[in-house]
Amino acid sequence: MPVESSDLLADLTFPQQEAVTHFEGPLLILAGAGSGKTRVITRRVAWLLKQGVRPSNILAITFTNKAAGEMKNRVNDLVPGNRVWISTFHSLGARLLRQYGERIGLNRDFTIYDTDDRTKIVKQSLEAAGIDNVKFTPERIGGAIGKAKNQLLTPEKYASTSGDFFTRTVAQVYAIYQKKLRDSNALDFDDLLYIPALTLRLNEELRAELDARFQFVLVDEYQDTNSAQYEITRKLTLDQRNLCVVGDPDQSIYRWRGSDIKNILDFERDFPDARVITLDKNYRSTPAILKAASAVIDHNKQRKKKALLTDNAAGEPVRVLTFDSGLHEANGIALRIKAAVAGNRFAYRDHAVFVRMNALTRNLETAFVQNGVPFQIVKGQAFFDRKENRDVLAYLRLIVNPVDNLSFLRASNEPARGIGKVSLEHLQAYAEANQISLLEASGRLEKIPAIKGKARDGLRLFHKLIAELRETLESPPEDIIRNVLDQSGYRAMLKASGEDDDIDRLANVEELITSAMQFAAEDGTRTLRDFLEQITLASDVDSWDEQQNCVSVMTLHAAKGLEFPAVYIVAMEQGILPGERSLANPEDVEEERRVAFVGMTRAMKELYLCNSRMRDFRGQTLFAIPSMFLDELPDDVERLDQGAHGGRSPAMDQWRSGPREARSAWGDLGHKPLPAAIPFAGTNNPDADTYEKGQLVQHEQYGIGTISDVNGYGALRKIKIRFATSGEKTFIASKVKLKVVTKK
DNA sequence: CTAAACACTGTTTTT
DNA sequence: CAGTGTTTAG
């Protein structure tokens, strides 16, 4: 049922109405956390439509595909049957390139390479350039190339500005890398912005055409745009200056990815006649939560002071929970959530647990499983990143884009067809020399005598297989996947093995079929190419299933834009949040503080900030210092020591109330910019060098154990202890707290 | 050419 | 610790 214009505004506040009904000309909406920004943009799109703006003249950019989908739905509820373009910058880039790519000599069947693919191509490029024993990792070089593209630097331009050894190396690789992508008819993530941005800059005809087409442009999360995205936005709004951007400088958390907070801060410089509307009333959180979040973000020096106001009723105080270990922490959270559900205070789905790093989800996973708490870990790519799925996807990519050499290399010998490294090198050499794709080369084996025996047969088979599969290119995606599984022998391979892992893998590839089926069912026009694109451009939150009644576990970055009644933030410790790599640089610490701020402001009713005295980190147990952000909280937060109650060993008590000097030494360390993982000066265990193999010792957490191995000296000395109950663990000798029970 | 055993290494955050 | 790359044996 279509809605009247007035209804679009009825439940909005005055500033929100102003933002919605601003018609032409530039508009900047500074929207604090929880101020109803999504609702405003959605209404604005609907309102524009009601004013008679044609749907095809509106372009709305969101930060995730999920947000785009939701906005599409909501706009559709308000104004059914519209065809407004709503997408992320990356999807927009892909869409524009598919549609207009031919004008700039791009084949529309291009493959989109993800970061893993990028690394592989960089590796190949390094080899091709004859650079081998360089200490720059392919990841780092790939990152530099990505950064160059974000700044719209072509290989030539980059080369002309590069000075030191690293940038010169990157420049060399960049050119080769780009050629390899072209040869494979592939684009990487950054190309999806870089190429459209450059095209808009250089091709005035196309630029003017698109500018005229997109009369109204809206960009959400504008504080997280990078230079390429900025360029695209600007170039689309030169003639039709109806640009509306929405954002909050305090929630800029993608600087590491090239986002430039200046884009939003300088909007009024770019558009001096811009209307600026501030939305600072918060409709989401309790006063206590806002007070805590404000107190933290206020510590940022590079920031315009800004208050968060609310009329919401007072609620529970914000709580800081301190645990003895990461496992206790996870367990404590699980128990609290269980209690809240049992007490009918919340449902499982009302809870979210945020982590700074994906590695931190491990403990939570164990604890939730043990306590029978239903949960989902929101991590989009995890499923498609599984080896078996990537294998199948390589086939699919090759079917869509037969010159995709990277996918050829991946698929050709999976399952094993006797095609080894050496044969592939011959094949690559021939393809290179004749400027053809690997697939085409594999159809000319008679010209490559160096490939013989099993490899030759295997390649011939593979070539034929792909040719046959390509015949079915127009079939529904799920049928093609089934064909791939059947005809390639991939399913047979998994079935034959009968190992547990392979049964799982089989289930996963079957799941891939289901996923393709669902994807195609949503819209009958969707092709295999669309399916592949959707997978590669999917963000972590895109996989989030709101329907399920379970606790959501996700990174703080993925949490942006969401809200939950009860929020837990895990591991608020120096070196984690703020992250280790940011501690040296005040600007980076400020970004970490914004990350914390984003997490805190997701909470509607209850907010729990957790930290632990000890943290298991890459196999080692380390002492952890509470996050500096916890010290920045107002006095009225409730600080609860969860280690002080139940379930601990007597040894732990003894240690806690132990020698004053040792404990104050921790305190003295305070919040110096020291990564938590570095062995601390002044805390050295005097016994460190005396431990030897075979000694019986007692650990404050794990109890009695035998030293099973010792190596290194001083700060590097490590000891392995086999515990009676918890297996073998490794510790840094100078930091572990042990009591020697018996000498050897 | 493959598979299995081993050594090494490196660690945020993501489209 | 895990994931990757390298070596080795079949």
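Lettering follows sequence order; numbering is per chain, from 1. Fair warning: this is a prediction, and the values are worked out from it, not measured in the lab.
Of the candidate nucleotides B:dT14, B:dC1, B:dT15, B:dT14 has the atom lying nearest to any side-chain atom of A:T555. Among B:dC1, B:dT2, B:dT14, the nucleotide with an atom closest to any side-chain atom of A:S539 is B:dT14.
Aromatic ring orientation, A:H90 versus A:F189: perpendicular (interplanar angle above 60°, classes split at 30° and 60°). Aromatic ring orientation, A:F63 versus A:Y254: tilted (interplanar angle from 30° to 60°).
A:G418 comes within 4.0 angstrom of sugar-phosphate atoms only, judged by non-hydrogen atoms across all strands, and of no base. Backbone-only contact: A:K123 has heavy atoms under 4.0 Å from sugar-phosphate atoms and none from a base. Across all strands, A:D190 comes closer than 4.0 Å to no nucleic acid atom at all (heavy-atom distances). Residue A:I419 is in sugar-phosphate contact alone, with no base atom involved, counting any heavy-atom pair closer than 4.0 Å across all strands shown. Within the 4.0 angstrom heavy-atom criterion, only backbone atoms of the sugar-phosphate kind lie near A:A538; the bases stay farther away. Backbone-only contact: A:N413 has heavy atoms under 4.0 Å from sugar-phosphate atoms and none from a base.
For B:dT15, the OP1/OP2 oxygens have no side-chain nitrogen or oxygen of A:N65 closer than 4.0 Å. At the phosphate of B:dT15, neither OP1 nor OP2 sits under 4.0 Å from any side-chain N or O atom of A:T115. When the side-chain nitrogen and oxygen atoms of A:N226 are compared with OP1 and OP2 of B:dT15, none of them lie within a distance under 4.0 Å.
Looking only at atom types and distance, the side chain of A:T111 has a donor-acceptor partner in the side chain of A:D404 under 3.5 Å away. Between the side chains of A:T225 and A:N263, a donor-acceptor pair is found at a separation under 3.5 Å. A side-chain donor-acceptor contact under 3.5 Å links A:N508 and A:E388.
In this structure, A:V422 and A:Y254 both approach DNA chain B, and ranking their closest nucleotides by distance from the 5' end singles out A:V422.
When the P atom of B:dT14 is taken as reference, atom CG of A:L562 falls 13 Å away, rounded to whole Å. Protein atom CG of A:L622 is 14 Å distant from nucleotide atom P of C:dC1, rounded to whole Å. Between the P atom of B:dT15 and the CD atom of A:E533 lies a distance of 14 Å, rounded to the nearest Å. Atoms NZ (A:K454) and P (B:dC1) sit 8 Å apart, rounded to a whole Å. Following rounding to the nearest Å, A:W256 (CH2) and B:dT15 (P) show an atom-to-atom distance of 8 Å. The CG atom of A:D616 sits 15 Å away from the C1' atom of C:dA2 (whole-angstrom rounding). Summarising the geometry, the separation between CE on A:M493 and P on B:dT2 is reported as 13 Å, rounded to the nearest angstrom. Across the protein-nucleic acid pair, A:Q251 atom CD and B:dT13 atom C1' stand 16 Å apart, rounded to whole Å.
Comparing the P positions of C:dT4 and B:dT13 gives a spacing of 15 Å, expressed to the nearest Å.
Applying the Watson-Crick and G-U wobble criteria (two distances, each under 3.5 Å), B:dT11 pairs with nothing in any strand.
In this structure, A:F89 does not pack face-to-face on the six-membered ring of B:dT15, missing the 5.5 Å centre cutoff or the 30° plane limit.
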* To do: Applying side chain to side chain donor-acceptor pair (under 3.5 Å), run through A:K149 and A:Q178 and close with a yes or a no.
  => CA-CA 11 Å; A:K149 287 182 179 176; A:Q178 215 52 8; 3.0 Å; yes

